[in-house]
Amino acid sequence: MSTFPKNFLWGSATSAHQVEGGNHNDWSEWELLHAQQLAAQAEKKLQHLPSWPHIRDQATNPKNYISGIACDHYHRFREDFDIAKKLGHNAHRFSIEWSRIEPEEGKFDEKEIEHYRQVIRALRERGIEPFVTLWHWPLPVWVAQNGGWESSKIIHLFSRYCQKIASEFRNDVIYWMVFNEPQYWFWNAYVGHTFPPQRSWLHAASIYRNLSQAHREVYHAMKKINPRFQIGVVESTGVFSPRIVHTVISPLRNFLFPSLVKGYFDFFGLNYYRKVSLLGRKEGTVSAEIGWEIYPEGLYMIIHEASRRFGKPIFVTENGIADAKDEKRLAFIRDHIVWMQKAIDEGADVRGYFYWSLLDNFEWDSGFGPRFGLVEVDYKTLERTIRPSAWEYKKIIENGL
Ligand code: BGC
């Protein structure tokens with residue numbers, strides 16, 4: 001049996017729009033406009049999945065695509081953190097929702113700042129280290145109307161919001177992540193057109209320029225506020241098959257944005273879910289709910305690639321599986337941790353692991369269908385039920401593998 005360093009951080013992750021409920025931002029507006037269409041397209045998109053007969057009703061119902069009150073985590077965070085504590089977590093990753101903090105340009109909502117102060121306090125009171133993401137995709141409506149990430153105006157606006165938050169929580173938070181998966185977001189919003197604003201990829205140059213400049217400015221400004229802050233970059237990573245394709249694609253698909261802001265981050269936040277087999281033949285087990293190919297060795301590969309490239313400490317900031325029946329989750333978690341540990345044994349500086357997600361939640365353009373949670377959420381009653389794999393994850397946290 002092997003154990004992890006005593007100060008290794010273990011936990012789970014969420015994001016504001018996916019769990020809080022009651023948000024008003026560019027995503028909530030987009031959901032209202034697109035729910036009918038997403039429901040109508042569901043059959044074509046999902047009918048190949050083994051789970052299709054079970055998910056059909058939900059997937060073809062427009063209500064599924066409206067985040068609404070989501071998990072009502074906004075009001076139930078204490079109860080949810082009690083669960084995280086009970087499950088042995090000593091760290092938790094969540095995001096602050098810009099549209100709550102600055103619902104109108106230049107007007108910061110003190111009540112909402114106080115809300116997040118309570119969230120952070122609730123974590124600390126339970127011995128759980130907060131990891132705070134400053135942008136996990138939705139924009140305040142007024143920012144989106146001003147061109148969002150296409151307009152260079154956003155650099156100043158975003159940096160001002162981050163500085164406000166960083167000053168407020170100067171003594172309460174150490175670990176920050178500026179953006180969640182900027183590259184993956186760009187791909188979905190501007191190439192795949194599955195996320196708002198569904199506009200042309202021809203905006204790529206200005207978006208990358210604005211995102212990377214904003215990241216650098218925020219890094220500098222926040223370090224001035226508190227030099228002890230640890231500020232990370234978080235990117236979605238994936239493994240491709242055949243290997244030769246992976247070698248060619250990986251620097252762009254996985255590391256383009258982090259390379260653009262090299263020198264401006266203290267840790268690499270690695271989100272890893274799956275392998276994509278480009279020749280169509282899936283070699284490994286597949287998640288029945290969304291068809292993603294499970295490939296734990298990929299986590300090991302990406303950890304080594306990121307270590308070589310950036311030489312920074314790594315946190316696995318997301319890794320998870322959609323599995324309502326909880327049939328494959330335990331093996332998924334255990335196998336990924338086995339490969340993570342192999343990378344650590346070989347010298348990689350990995351300091352924490354966050355399972356995605358603590359709760360079932362609103363999975364963007366897939367609505368409430370895929371269930372990633374360690375904890376099941378009944379969306380009618382909002383009742384939480386801890387899944388068996390969550391207790392097994394606790395045993396790994398406490399005793400090692
Ligand atoms: C995102 C999460 C999302 C998860 C599962 C990640 O790319 O950061 O918000 O829920 O993938 O799809």
Side-chain angles (χ1 to χ4, degrees), residues 11-21 23 25-28 30-31 38 45-46 49 55 59 64-65 67 70-71 73 92-98 131-139 177-192 194-196 211 232-239 253-254 256-258 268-276 286-295 298-299 302 315-324 328-329 332-333 336 353-375 377:
S12 60
T14 61
S15 88
H17 190 69
Q18 294 178 269
V19 294
E20 282 181 351
N23 279 314
N25 52 38
D26 67 334
W27 259 92
S28 64
W30 184 85
E31 290 156 21
L38 290 167
K45 200 172 125 198
L46 304 172
L49 294 172
I55 61 176
N64 180 51
Y65 301 95
S67 56
C71 310
H73 178 71
H92 180 72
R93 175 176 177 233
F94 69 97
S95 74
I96 291 185
E97 176 59 31
W98 185 3
F131 271 60
V132 182
T133 311
L134 288 156
W135 185 66
H136 199 125
W137 302 348
L139 289 170
M177 290 139 291
V178 182
F179 300 128
N180 178 66
E181 305 183 344
Q183 164 130 342
Y184 184 73
W185 166 81
F186 167 78
W187 185 266
N188 285 292
Y190 286 85
V191 184
T194 50
F195 292 180
L211 282 166
V233 69
V234 173
E235 195 45 272
S236 147
T237 63
V239 163
R253 161 63 176 78
N254 297 327
L256 176 63
F257 187 79
F268 186 85
L270 188 166
N271 293 356
Y272 173 77
Y273 287 86
R274 60 165 166 162
K275 172 157 88 172
V276 175
V286 165
S287 136
E289 257 161 73
I290 46 177
W292 289 2
E293 189 175 343
I294 302 167
Y295 186 59
L299 179 58
I302 300 282
F315 290 92
V316 177
T317 36
E318 285 180 32
N319 175 234
I321 181 174
D323 179 18
K328 296 184 178 164
R329 188 172 284 102
F332 181 98
I333 294 176
H336 282 82
Y353 174 91
F354 296 80
Y355 176 81
W356 180 274
S357 174
L358 178 61
L359 306 168
D360 287 342
N361 61 46
F362 181 71
E363 181 55 28
W364 307 112
D365 59 312
S366 302
F368 290 102
R371 289 177 175 264
F372 280 90
L374 291 171
V375 178
V377 176

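Atoms within a ligand are numbered from 1 in the order they appear, just like the ligands themselves.
Contact analysis puts W292 in contact with ligand 1, with a non-hydrogen atom separation below 4.0 angstrom.
With hydrogens left out, the protein atom closest to atom 7 (O) of ligand 1 is E181 OE1, 2.5 Å, a heavy atom. Scanning all protein heavy atoms for the shortest distance to atom 5 (C) of ligand 1 gives E363 OE2, 3.2 Å. Among protein heavy atoms, atom 4 (C) of ligand 1 sits closest to Y273 OH, 3.3 Å.
Using modelled atom types, one finds a donor on one side chain and an acceptor on the other under 3.5 Å when comparing S236 with R253.
Per-residue contacts place Y184 under 4.0 angstrom from the following atoms of ligand 1 (heavy atoms of the residue considered): 7 (O). Taking every non-hydrogen atom of H136 and a distance limit under 4.0 Å, the qualifying atoms of ligand 1 come out as 1 (C), 2 (C), 8 (O), 9 (O). The distance from ligand 1 to the heavy atoms of F372 drops below 4.0 Å at these ligand atoms: 5 (C).
Contact detail for S12 and L358: the closest heavy-atom pair is OG-CB, 3.3 Å. Here the shortest heavy-atom pairing between P196 and A189 reads O-CB, 3.3 Å. Nearest heavy atoms, N25 versus P138: ND2-CB, 3.3 Å. The two residues G298 and V239 have their closest heavy-atom pair at CA-CG2, 3.6 Å. Taking each heavy atom of N64 and A59 in turn, the nearest pair found is ND2-CA, 4.2 Å.
Checked by distance only, ligand 1 and W356 come closer than 3.5 Å through their nitrogen or oxygen atoms. The shortest N or O to N or O distance between S15 and ligand 1 is not under 3.5 Å. On a distance-only criterion, Q18 and ligand 1 share at least one N/O pair closer than 3.5 Å.
Scanning E235, H17, E318 for the heavy atom closest to atom 6 (C) of ligand 1 points to E318.
Relative orientation of the F372 and Y273 rings is perpendicular, given thresholds of 30° and 60° on the angle between their planes.
Remark: Q18 CD to F368 CZ distance equals 10.0 Å, nearest 0.5 Å.
With hydrogens and angles ignored, the 3.5 Å screen pairs a side-chain donor or acceptor of T317 with a backbone N or O of L270.
Residue contacts with ligand 1 for N180 involve side-chain atoms from C-beta outward but no N, CA, C or O (heavy atoms, distance under 4.0 Å). For F362, no heavy-atom contact with ligand 1 is shorter than 4.0 Å.
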